Amino acid sequence: MSDNVVHLHKNTDPAPVTTLTVVPEPAPAKPIPLWVRSGRAVRTAVTHDVTKASARAMARHTLFVAGGAKIAAKRTWDGRTASRYERMFRAAEAAGNHELAAEWEERGQHFREARHRRRMDLLTSPIDAAKGVAVGAGVGIGSLVALGVVMAIATKDVTQVVTPLMATVKFINLLITVVRVVWGPQSLVIGSLLALLALWAVGSKQQAAPAWALPDNVRNGEGEPITPSIVVKALRDLGVPALRTAIKDMGDAGAGMLGPIRIAGCGVEVDVTLPSGVSTIEVQNRRRKLAENLTRHEHEVFITIPQAARTVRLWVADSGALDEPIGPSPLVTDETLKADYAKGRAPWGQDLRGDAAALSVYQRHLLITGLSNQGKTAALRALALWAALDRSVEFWVGDLKGVGDWAMFEGLATRFIQGPTDDHVIQVTKMLEDAVEEMNRRLMAPPGTQFPALIVNVDEAQVAFMCPLKDEEGRFYGGSKATSRYFMAARKLHNQGRAVNVLLWQGTQDPTDQNLPKLVREGAHTRASLALGTEQQSRMALGDKAVNGGAAPHLLRPGLDKGTLVIASDGIKVPAGQSSITVRTHYISTEEAHAIADRAKALRDGVTTLTVVEQGEERDQLADIASVLGDAPRVLTADVLKRLSTLSSDAYGRWTPGDLKRVLEDAGADPYKSDGRMVVGRDRVLRALANRDTDGSASADG
């Protein structure tokens, strides 16, 4: 029992009984063999990060020596042979530059001639050297003998004649002995070490080691600077056989394809002249692979086509730079900022170089498109807020989204329609048709007449184009036929509106032929696009010329590149030779937009905003007339009819001047002539309204 544990349990029964329970101790764990523990320790040591890093470092520095030796050998070979000139000649020939090829061929010929002369000189150099040594030795020995003769005469000892000569011989022998003793073994070791150090320095500078042996920060390429050799390697490995063959023939001279690498904002820019037989489209179609070869993400490399033939322009961002937000809009930071519609430019954002991107909206129709929730409304609203800071600009706004994104324009725009229903589409369509009438009125004015800008702004225009309703005459409000009312009004504004400063700005989602007809999108002078799904949509948004020139909104990242626009317009500074520019727009929040709108309202004398009303609602005709007059002392009867129609097309859409005259005469506020035209007097209408209310005779005629 000595090896067991005894537990005493007391029974609670009336007759107490003490029992003994024997519990055996657990068997001792079986010891782990020494060879297993040693194996685990070895495996842990071998797989440890420190061990792997140390092994990689040892391999890296060893391979630096081998790589440096290879580079030094190649440089020596280039210096001793005409291979450099041959490579440059082939590079120029492959690039189609025959003049430069002839120049390098001539240089190579001069090098060969000079080398031939040096080799011929080597044939006679031993004889010349022997003669020189003999002459020098003779002169030296003669001088020593002469010195000995002088010493012999002075000492009257003939043996002194050879004393200087023997002393010189002994001194030379002593120097040889000292060098042999002191530097003999060490010189070989030190010389070898110096040679290895020199080769290591060359290999280290050129990172001449396999990728697996390089440090993590170098192998991952994060922040790796763009150099000519990196660009050439990226192009060589692009998968274009003709390009790879041409670069292989060029050797290191493949860098001859590259222009200077210039710092451009948060990245660098370089022009690449492609060899003969390689088209620019072959490089454009491999954007992702090129970006990966440059250790960048696809969205960090942009390929455009400058004016030079067979040339692509690469803009490569610093790693992660495009994911950092840009600063706030000057409209937010500078409360004293004002706009000039004719001569100014709206501060819209920054280009990829980091420079301010400003857009001129003077006499330019505008179209902004993109996928949903990418910042389309914010980009369009930012331009409108800037233009609103010019008190001469009048706005008519149709927001077919209807969630309050344009609410700050109520009290700023003279017409404001907000809502997504078909009834709102009808109101917006009539607003465009009224803009056409205003355009026609201005066109009838004498030549040279200057008109203030009228900007008709329709957000979510695809809702209008896709409206299925017909009017009383059977014409569709939506669609893209000659009988489609919204479509035809937009076309008329595009055709002649800019000449008299009547402009149409539209924002639309996901462009297709159904929700954005071809004739409408091509009528915009400024076309901008956020992220899109396909290249075909990019062509619809910006046009074939811009996409063929490198514009690629379909390569922007939905959600990650919010507010990034690709713009095709002559109203913004586009780099020479390019057809588009990429801009990261400033984001203006709804609260900030309200503050800017309040500043714009303060610049004006007061604006009466006509808003849409629900159909079928009972109308107080005299009160409605008073509301549309605004603060003006008198308004043309034709303008009053337009405003009433905008206020409620159901109630006033079919009104004639006779209907308006009847209501006013009944109220005692007869219209009258001013400068030969019929007008409605504001004071008369307000007086009649006040007298009616005082008499308790208010009516609600429908």
Side-chain angles (χ1 to χ4, degrees), residues 339 341 361 365-366 380-381 383-400 402 404-419 424 426-442 450-459 461 464 489-490 493 497 500-507 593-594 596-613 623-649 651-653 655 660 679-680 682 685:
Y341 161 75
V361 299
H365 300 296
L366 174 68
L380 183 60
R381 190 176 65 187
L383 293 179
L385 288 170
W386 175 83
L389 294 175
D390 183 339
R391 58 179 298 173
S392 68
V393 178
E394 181 181 0
F395 276 97
W396 295 0
V397 175
D399 176 16
L400 293 177
D405 289 338
W406 293 87
M408 68 290 304
F409 275 81
E410 191 166 358
L412 183 59
T414 51
R415 299 194 183 189
F416 184 71
I417 301 167
Q418 180 179 248
H424 294 99
I426 294 173
Q427 296 291 337
V428 169
T429 301
K430 292 182 177 180
M431 180 178 72
L432 259 67
E433 291 173 341
D434 289 345
V436 173
E437 291 185 16
E438 173 63 17
M439 175 190 72
N440 292 333
R441 184 187 69 80
R442 294 184 179 191
Q450 298 296 319
F451 297 99
L454 170 59
I455 298 178
V456 183
N457 193 336
V458 181
D459 195 10
L493 291 175
V500 288
N501 280 332
V502 179
L503 305 178
L504 177 59
W505 290 5
Q506 296 182 99
H594 277 280
I596 298 170
D598 290 341
R599 299 201 325 252
K601 295 172 186 177
L603 297 174
R604 302 165 188 252
D605 297 330
V607 175
T608 301
T609 299
L610 304 181
T611 58
V612 70
V613 298
D624 285 345
I625 294 172
S627 68
V628 301
L629 292 178
D631 296 330
R634 65 188 65 86
V635 179
L636 295 173
T637 55
D639 289 343
V640 174
L641 288 172
K642 290 179 184 178
R643 296 180 183 183
L644 287 172
S645 178
T646 300
L647 185 64
S648 175
S649 62
Y652 304 113
W655 264 33
L660 176 62
V679 299
V680 178
R682 178 174 177 271
V685 174

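Nothing here was measured: the structure is a model prediction, and the numbers come from that model.
Of all heavy-atom pairs spanning Phe395 and Ala384, the tightest one is CZ-O, 3.4 Å. For the residue pair Val685 and Ala626, the shortest heavy atom distance occurs at CG1-CB, 3.8 Å. Closest non-hydrogen pair, Ala388 versus Ala600, comes out as O-CB, 3.5 Å. Nearest heavy-atom pair, Met431 versus Val458, reported as atom, atom and distance to 0.1 Å: CE-CG2, 4.4 Å. Shown here for Asp405 and Arg381, the closest heavy-atom pair between the two residues is O-NH1, 2.9 Å. Ala387 and Trp505 make their closest contact through CB-CH2, 4.4 Å (heavy atoms, listed as atom of the first residue, atom of the second, distance).
Atom CD of Gln427 and atom CD of Gln418 lie 13.5 Å apart (nearest 0.5 Å). Here the CG-CH2 distance, from Leu503 to Trp396, works out to 12.5 Å after rounding to the nearest 0.5 Å. Atom CD of Gln506 is separated from atom CG of Leu432 by 7.0 Å, given to the nearest 0.5 angstrom. With rounding to the nearest 0.5 angstrom, the CD atom of Glu437 is 8.0 Å from the CD atom of Glu433. Separating the CG atom in Leu366 from the CD1 atom in Ile455 is a distance of 9.0 Å, to the nearest 0.5 Å. Distance check, rounded to the nearest 0.5 Å: CD1 of Ile596 to CG of Leu412 gives 11.5 Å.
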Side chain to side chain contact (heavy atoms under 4.5 Å, CB included) for Tyr341 and Asn501? Distances and angles first, verdict last. CA-CA 10 Å; Tyr341 161 75; Asn501 280 332; 2.9 Å; yes
Apply side chain to side chain contact (heavy atoms under 4.5 Å, CB included) to the pair Tyr652 and Asp624, showing each step before the final yes or no. CA-CA 10 Å; Tyr652 304 113; Asp624 285 345; 2.5 Å; yes
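Residues Trp406 and Leu380 meet the side-chain proximity criterion, which asks for heavy atoms closer than 4.5 Å. By the 4.5 Å heavy-atom criterion applied to side chains, Leu603 and Arg599 are not counted as neighbours. With contacts defined as side-chain heavy-atom distances shorter than 4.5 Å, the pair Val680/Leu660 qualifies. Residues Leu493 and Val436 are in side-chain contact: their nearest non-hydrogen atoms beyond the backbone lie under 4.5 Å apart. Looking at Lys642 and Arg415, their side chains come closer than 4.5 Å, going by heavy atoms from C-beta outward.
With hydrogens and angles ignored, the 3.5 Å screen pairs no side-chain donor or acceptor of His424 with any backbone N or O of Leu400. Distance alone, capped at 3.5 Å, is enough to place a donor-acceptor pair between the Arg604 side chain and the Asp390 backbone. Formation of a donor-acceptor pair under 3.5 Å by the Arg442 side chain with backbone atoms of Val500 is found in this model.
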